[in-house]
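Below is one structure; the comments refer to it alone.
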Amino acid sequence: MLSPKTIEIVKSTAPLLAETGPKLTAHFYDRMFSHHPELKNIFNMSNQFTGAQREALFNAVHGYAANIDNLPALLPVIEKIAQKHVSFNVTPEMYAIVGENLLATIDELFSPGQEVLDAWAEAYGVLANVFVTREEEIYQSKEATEGGWRGTREFTVLAKTKESEVITSFIFSPVDGKPVTNYKPGQYIGIYLNPEQFEHQEIRQYSLSSAPKTNTYRISVKRDPQGVVSNYLHDHLNVGDTVKLAPPSGDFFLEASKDTPVALISGGVGLTPMLSMLETLTANHDADIHWLHATENSQHHAFGEHINHLIQRNPRAKRNVWYREPLVTDNLAEDYDHAGLIDLGLVDGLTDNEQRHYYLCGPIGFMQSAAKQLMTAGVTTDRIFYECFGPHKVIQ
């Protein structure tokens, strides 16, 4: 429990942190990596170069300072980060390194005096303990489940399938031949890669793109022209190759009961967790399902035939697909339903049911637009769930 004095001091620093902005976390990461270069094997260095990770950490640090007197408000963010940390196999020792460099950063940038540094040390210690405790619970839970494990486990590429011009699927089977742990539709898996051409080990999280299976996992990866890992997967990872995987994780997953109406709203490769949900729902769901997807055109449209088959099998399921720039060879009604950007107002009955759950995944701008459309139509935020690829951002 933090003392009132500590809470007062840390909260008083929030305006200073806000004024400093991501410069604070840029200094922190530069300092930490210079003293502990081994951590470059854990952090996504591409996100360092783009500034995405620095912005995400700044938002977390500032949010903690601003809400230190209301820690329950931070629990959803803590859970999201803890799940991601488990996929990275973060250890308690790493928290000590982060704490040391965070305090040094505050001192070097602001010279606030020992009283402020001591308050931040106490506050960080409490927060770190919350994370370490929760993450250990998750580690133990995953290890204890049937087919589960802790850390990483070796898997072989069982199949590699091109789903569109930009998306390729990979099916992984465990080298030891034993079952794999179950997961909730919408969750992701961590893949660890360290080929000779990489400067550092690279760890990425990719949504599992099928309903749970007992002995395999499937991910579907979009090629990013600048993506170190996605290009490696598309160009170099082949059937028979071996990779290391961390167990499924994530706080974004299908929570609706069998009689809860659902809308699955995706943009681009954001359909991957939605496909896992759709396969699960169409097999055993008693309420209506809306599949709403937006992409460029048929060349970018992955799993189109498979999704149509799932929709046709379930009389409660409906499809609406938007092509931003349809090709002259694309067939309206057969391949897609609307041209242009996604417009949820075109979908009959989408927002009429006050029990419906809405699941969003795709680029940040896409999800912000979709969430705004839903809220304008009267949908409450407690029924909107979303997943961000990469560092977390708030869309609502």
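The structure presented is a predicted model; accordingly, all values stated were derived computationally and were not measured. What's counted below: heavy atoms across the whole structure, side chains too, no hydrogens, waters or symmetry copies.
Residues Lys372 and Thr376 are in side-chain contact: their nearest non-hydrogen atoms beyond the backbone lie under 4.5 Å apart. Annotation: side chain of Thr295 is not in contact with side chain of Val269 (no heavy-atom distance under 4.5 Å). Counting heavy atoms from C-beta on, the side chains of Val86 and Lys142 come closer than 4.5 Å. No side-chain heavy atom of Trp322 sits less than 4.5 Å from a side-chain heavy atom of Tyr336. The side-chain heavy atoms of Val157 and Phe172, taken from C-beta on, include a pair separated by under 4.5 Å. Two residues are said to be in side-chain contact when any heavy atoms from C-beta on lie closer than 4.5 Å; Val243 and Leu193 meet this criterion. In this structure the side chain of Ile167 reaches within 4.5 angstrom of the side chain of Lys222, judged on heavy atoms. Within the 4.5 Å cutoff, the side chain of Asp235 has heavy atoms near those of the Arg223 side chain.
Under a hydrophobic-cluster definition in which Ile, Leu, Val, Met, Phe, Trp and Tyr are linked whenever side-chain heavy atoms come within less than 4.5 Å, directly or via other members, Met375 and Ile342 are assigned to the same cluster. Grouping the Ile, Leu, Val, Met, Phe, Trp and Tyr side chains by contacts below 4.5 angstrom, directly or via other members, places Leu208 apart from Leu158. Ile311 and Ile289 fall within a single hydrophobic cluster, where Ile, Leu, Val, Met, Phe, Trp and Tyr side chains are chained together by heavy-atom contacts under 4.5 Å. Following chains of ILVMFWY side-chain contacts shorter than 4.5 Å, one can reach Leu127 starting from Ile81, so the two form part of one hydrophobic cluster. Both Val90 and Val126 belong to a common hydrophobic cluster when Ile, Leu, Val, Met, Phe, Trp and Tyr are linked at side-chain heavy-atom distances under 4.5 angstrom.
Of the charged side-chain nitrogens involved, none lies within less than 4.0 Å of a carboxylate oxygen, so that Asp286 and Arg316 do not count as a salt-bridged pair. A salt bridge is defined here as a Lys NZ or Arg NE, NH1 or NH2 lying under 4.0 Å from an Asp or Glu carboxylate O, and Lys80 with Asp251 meets this definition. Taking the charged nitrogens against the carboxylate oxygens, Glu136 and Arg150 do have a contact shorter than 4.0 Å, which makes a salt bridge. The existence of a salt bridge linking Glu354 and Arg356 is excluded, since no basic side-chain nitrogen approaches an acidic carboxylate oxygen closer than 4.0 Å. A salt bridge links Arg218 with Glu279: the distance from a Lys NZ or Arg NE/NH1/NH2 to an Asp or Glu carboxylate oxygen falls below 4.0 Å. Residues Arg324 and Glu296 are paired through a salt bridge, judged by an N-O separation under 4.0 Å between the basic side chain and the carboxylate. The pair Asp337-Arg319 meets the salt-bridge criterion, with a side-chain N (NZ, NE, NH1 or NH2) lying under 4.0 Å from an Asp/Glu carboxylate O.
For Ser369 and Gln373, the side-chain atoms include at least one donor-acceptor pair closer than 3.5 Å. Using modelled atom types, one finds a donor on one side chain and an acceptor on the other under 3.5 Å when comparing Asn89 with Tyr192. His290 and Asn320 are not linked by any side-chain donor-acceptor pair at a separation below 3.5 angstrom, with hydrogens and angles left out of the test. A donor-acceptor pair shorter than 3.5 Å can be found between the side chains of Glu108 and His27. A donor-acceptor pair shorter than 3.5 Å cannot be found between the side chains of Thr272 and Ser209. Side chains of Glu163 and Ser169: a donor on one and an acceptor on the other come within 3.5 Å. Side-chain polar atoms of Tyr95 and Glu135 form a donor-acceptor pair below 3.5 angstrom. A donor-acceptor contact closer than 3.5 angstrom links the side chains of Ser266 and His293.
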query: Going through the distances and angles, do Tyr29 and Phe43 end up as a ring-ring contact (aromatic ring centres under 6.0 Å, His included)?
result: CA-CA 10 Å; Tyr29 277 120; Phe43 287 83; 5.6 Å; yes

Verdict with reasoning, Val262 to Leu264, per side chain to side chain contact (heavy atoms under 4.5 Å, CB included): CA-CA 7 Å; Val262 171; Leu264 307 176; 3.5 Å; yes

- prompt: Stepwise, does the side chain to side chain contact (heavy atoms under 4.5 Å, CB included) test hold for Leu374 with Ile265?
  reply: CA-CA 11 Å; Leu374 291 174; Ile265 306 173; 4.1 Å; yes

field: Intermediate values then yes/no, side chain to side chain contact (heavy atoms under 4.5 Å, CB included), Tyr206 and Ser220
entry: CA-CA 8 Å; Tyr206 291 107; Ser220 303; over 6 Å; no

- prompt: Tyr359 and Tyr386: ring-ring contact (aromatic ring centres under 6.0 Å, His included), yes or no, with the steps?
  reply: CA-CA 6 Å; Tyr359 295 87; Tyr386 66 97; over 10 Å; no

- request: Could you please spell out the steps behind the side chain to side chain contact (heavy atoms under 4.5 Å, CB included) verdict for Asn231 and His234?
  value: CA-CA 5 Å; Asn231 279 290; His234 277 250; 5.7 Å; no

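Nearest heavy-atom pair across Pro261 and Asn353 is CG-ND2, 3.4 Å. Between Met277 and Leu254, the shortest heavy-atom contact is CE-N, 3.9 Å. When every heavy atom of Tyr323 is checked against every heavy atom of Asp335, the shortest pair comes out as OH-O, 3.5 Å. Nearest heavy-atom pair across Asn182 and Pro248 is O-CG, 4.5 Å. The nearest pair of heavy atoms linking Ile106 to Pro112 is O-CD, 3.7 Å. When all heavy atoms of Asn297 and Asp330 are compared, the pair lying nearest together is CB-OD2, 3.4 Å.
Annotation for Glu115: atom CD does not count as buried by contact number, only 12 or fewer foreign heavy atoms lying within 6.0 Å. The number of heavy-atom neighbours closer than 6.0 Å to CG of Asp176, taken from other residues, nucleotides and ligands shown, is above 12. Within 6.0 Å of CD in Gln197 there are more than 12 heavy atoms belonging to other residues, nucleotides or ligands. Other residues, nucleotides and ligands place more than 12 heavy atoms under 6.0 Å from the CD atom of Glu38. Within a 6.0 Å sphere centred on NZ of Lys213, heavy atoms belonging to other residues, nucleotides or ligands number more than 12.
Remark: side-chain polar atoms of Ser164 are paired, donor with acceptor, to backbone N or O of Val166 under 3.5 angstrom. With Asn67 contributing its side chain and Gly63 its backbone, the two residues share a donor-acceptor pair below 3.5 Å. Panel note: side chain Asp107, backbone Leu103; no donor-acceptor pair is recorded below 3.5 Å. The main-chain N or O of Ile9 is found under 3.5 Å from a side-chain atom of Ser12 such that the two form a donor-acceptor pair. In this structure a side-chain-to-backbone donor-acceptor pair under 3.5 Å is present from Lys11 to Ala66. Although no hydrogens or angles enter the test, the distance criterion places no donor-acceptor pair under 3.5 Å between the side chain of Thr216 and the main chain of Ile171. Distance alone, capped at 3.5 Å, is enough to place a donor-acceptor pair between the Thr280 side chain and the Ser276 backbone. A donor-acceptor pair is defined here as one N or O able to donate and one able to accept, closer than 3.5 Å; no such pair exists between the side chain of Thr6 and the backbone of Leu2. Panel note: side chain His85, backbone Phe131; no donor-acceptor pair is recorded below 3.5 Å. Gln205 places no side-chain N or O within 3.5 Å of a backbone atom of Gly190 that could act as its donor or acceptor partner.
A cation-pi arrangement is not found for Lys184 relative to Phe252, the charged atom failing to lie both closer than 6.0 Å to the ring centre and inside a 45° cone about the ring normal.
With Phe170 as reference, Leu233 is the one residue of Leu233, Asn238, Thr161 to meet the side-chain contact (heavy atoms from CB on, under 4.5 Å) rule.
Taking the ring centroids of Phe385 and Tyr358, they lie at or beyond the 6.0 Å cut-off. Taking the ring centroids of Phe198 and Tyr232, they lie under the 6.0 Å cut-off.
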